[in-house]
Amino acid sequence: MGVIDLVTASLPAPEPWLSGAVDAAGRELARYARGHGCFPAGLRELRAAVAERYTRRGVPTDPEQILVTSGATGAFALLLRELTEPHDRVAVESPGHPNLVRAVEAAGARPLPLAVRDDGWDVPAWTRALRSAAPRLACLTPDHQQPTGLLMSEDQRRALVDLAASTGVTLLVDETLAELSLTPDAPAPTPPAALDPGGTVVSVGSMAKTLWSGLRVGWIRATPQLVRTLAARRTGVDLAPPVLEQLVVLQLLARPQAFADVVDAQRERARTRRDALVTALRDELPGWSFRVPDGGLALWARTGDRPAREITALAERAGVRLAARPASGTDRPHQHFLRLPFAQPPEVLAEAVRRIARHPKGPA
């Protein structure tokens, strides 16, 4: 076993479902190949399928409210480019996903870190910040938040949606992990957009976590006016999402029971791998502490007295790649924490933890 990647939080593709969808999409492609193939808002059929999924989740949605994007990363780039000006503040979770912080900075805006505590989002701190600092956007990951894995309570969802509406702040909600609950029979949480009658919430979704990271199809749910604006102005980021990949996703979404089977299989795969990582950490690194996540694809562990950056360097010498979090203002309070994805097979996760624990200069 060579170098082990504990950076990427993406599961293998669900087979045979994905290959079957690719074959079916290839047969459908001829209908579109006679034209230019450039659909700035996305294929009408896929927009309708995504809108129908929102409607079934309790968020009535028309296809005109959906913009198909090149993954969630493309969605955030489009939204930040359109909704912020240089030096605008953008409220972000702390700890939060470093890629989002980088996207905010790349857009010329300034991240405003707001606390996510062990027991959830610090609503009073968010209230003070949104009222006093007047950020242009506030970014939330309410479903299995990255990196903590926390699930936002119903009360917190309602409070933060109401807060954004009352302060005129657009709430940008990352739903890329919403499908990956790892608690069997757990009730689906309320999407923030279902609590928002006035268009305050803009939602971003993606197939990268639920299906496969190699399938770069995401979407934005917003007002029809914002969708039209984004479609007209996206040429500075990309022209349009790939037709063939959209058809692959459409093949899966068009059969709800088949898609439910795919999601169940991916959840079971993630649950097995999470449990293997938890067992290995408890056996090999008892000095580390963590909460077992109820969903998502990563575990947030406190590394005892040794800083995470030091652990990362030691792990590299032991043949394990860990995510070295950026030394930024959003990260300094979490210098003794590591994000540990559990996307690898159980035996690989166990070996990775053994290497970290037994490296000559590693944790005891």
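Remember, it's a predicted structure, so these values are computed and weren't measured experimentally. Side-chain atoms are counted along with the backbone in the values below, which use heavy atoms only and exclude waters and symmetry mates.
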Arg282 side chain reached by Pro286 side chain, heavy atoms, under 4.5 Å = no
Are Arg136 and Thr170 close enough, and set up right, to give a side chain to side chain contact (heavy atoms under 4.5 Å, CB included), and what steps lead you there?
-> CA-CA 7 Å; Arg136 180 65 62 91; Thr170 298; over 6 Å; no
Near Arg271 CZ, under 6.0 Å, is it more than 12 heavy atoms from other residues, nucleotides or ligands?
-> yes
If you group Ile, Leu, Val, Met, Phe, Trp and Tyr by side-chain heavy-atom gaps below 4.5 Å, do Ile220 and Phe39 land in one group?
-> no
Test item: Leu171 and Val161 side chains (from C-beta on) under 4.5 Å apart, heavy atoms | yes
Should the pair Arg102-Glu105 be classified as a salt bridge under the 4.0 Å nitrogen-to-oxygen rule?
-> no
Can you measure from CG (Leu137) to CG (Leu112) and round to the nearest 0.5 angstrom?
-> 11.5 Å
Please step through side chain to side chain contact (heavy atoms under 4.5 Å, CB included) for the pair Gln145 and Val116, ending with a clear verdict.
-> CA-CA 9 Å; Gln145 193 260 358; Val116 178; 4.1 Å; yes
Hey, are Asp162 and Arg158 close enough for a salt bridge, meaning a charged N less than 4.0 Å from a carboxylate O?
-> no
Exam field: side chain Asp174 to backbone Leu140, donor-acceptor pair closer than 3.5 Å | no
Exactly one candidate in Val278, Leu349, Leu281 meets side-chain contact (heavy atoms from CB on, under 4.5 Å) with Leu340; the answer is Leu281
Might you confirm whether atom CG of Asp118 has over 12 heavy atoms from other residues, nucleotides or ligands at distances under 6.0 Å?
-> no
Salt-bridge present (Glu284, Arg358; N to O < 4.0 Å) = yes
Salt bridge or not for Arg53 and Glu179, using N-O below 4.0 Å?
-> yes
Value rounded to 0.5 Å, distance of CH2 in Trp17 from CZ in Phe259 | 11.5 Å
Search all heavy atoms of His144 against all heavy atoms of Leu177 and return the closest pair with its distance.
-> CD2-O, 3.1 Å
Sub-3.5 Å donor-acceptor pair from the side chain of Gln246 to the main-chain atoms of Leu43, do we have one?
-> yes
Mind checking whether Leu239 and Val243 sit in one hydrophobic cluster, side chains of I, L, V, M, F, W, Y counted as touching below 4.5 Å?
-> no
Do Trp288 and Phe342 share a hydrophobic cluster (ILVMFWY, side-chain heavy atoms under 4.5 Å, transitive)?
-> yes
Distance from Thr223 atom OG1 to Gln65 atom CD, nearest 0.5 Å?
-> 7.5 Å
Going through the distances and angles, do Thr69 and Leu230 end up as a side chain to side chain contact (heavy atoms under 4.5 Å, CB included)?
-> CA-CA 10 Å; Thr69 64; Leu230 292 169; over 6 Å; no
Check: Lys209 side chain, Ala9 main-chain N or O, donor-acceptor pair, under 3.5 Å = yes
Are the aromatic ring centres of Trp300 and Phe290 under 6.0 angstrom apart?
-> no
Using atom types as modelled and distance alone, determine if a side-chain donor or acceptor of Arg216 lies under 3.5 Å from a backbone N or O of Ser213.
-> yes
CG/Leu11 to CG/Leu180 distance, rounded to the nearest 0.5 angstrom?
-> 7.0 Å
Does a sphere of radius 6.0 Å around CZ in Arg89 hold more than 12 heavy atoms from other residues, nucleotides or ligands, not counting ones at 6.0 Å or beyond?
-> no
Hey, is the main chain of Trp121 close enough, under 3.5 Å, to the side chain of Gln156 for a donor-acceptor pair?
-> yes
Here the gap from Leu150 atom CG to Thr141 atom OG1, rounded to the nearest 0.5 Å, amounts to 11.0 Å
Quick one: does Arg339's side chain have a donor or acceptor within less than 3.5 Å of a partner on Val7's backbone?
-> yes
Distance in Å, Leu299 CG paired with Leu6 CG, rounded so as to fall on 0.5 Å steps | 11.0 Å
Sole candidate of Val50, Leu215, Val68 that passes side-chain contact (heavy atoms from CB on, under 4.5 Å) when paired with Val249 = Leu215
Before accepting this row, confirm whether a basic side-chain N of the pair Arg57/Glu175 lies closer than 4.0 Å to the acidic partner's carboxylate O.
-> yes
Arg267 versus Ser181, side-chain donor and acceptor atoms under 3.5 Å | no
Using atom types as modelled and distance alone, determine if a side-chain donor or acceptor of Arg81 lies under 3.5 Å from a backbone N or O of Ala107.
-> no
Same apolar cluster (I L V M F W Y, side chains within < 4.5 Å links), Leu18/Leu253 | yes
Would you confirm whether Gln266, through its side chain, and Leu211, through its main-chain N or O, come within 3.5 Å as a donor-acceptor pair?
-> yes
Main-chain N/O of His336 paired with Arg302 side-chain donor or acceptor, under 3.5 Å = no
When you look at CD of Gln225, are more than 12 heavy atoms from neighbouring residues, nucleotides or ligands closer to it than 6.0 Å?
-> no
Path from Trp219 to Leu80 over hydrophobic side-chain contacts below 4.5 Å | no
Verdict with reasoning, Val353 to Leu277, per side chain to side chain contact (heavy atoms under 4.5 Å, CB included) = CA-CA 8 Å; Val353 175; Leu277 177 61; 3.8 Å; yes
Main-chain N/O of Ile66 paired to Arg47 side chain as donor or acceptor, under 3.5 Å = yes
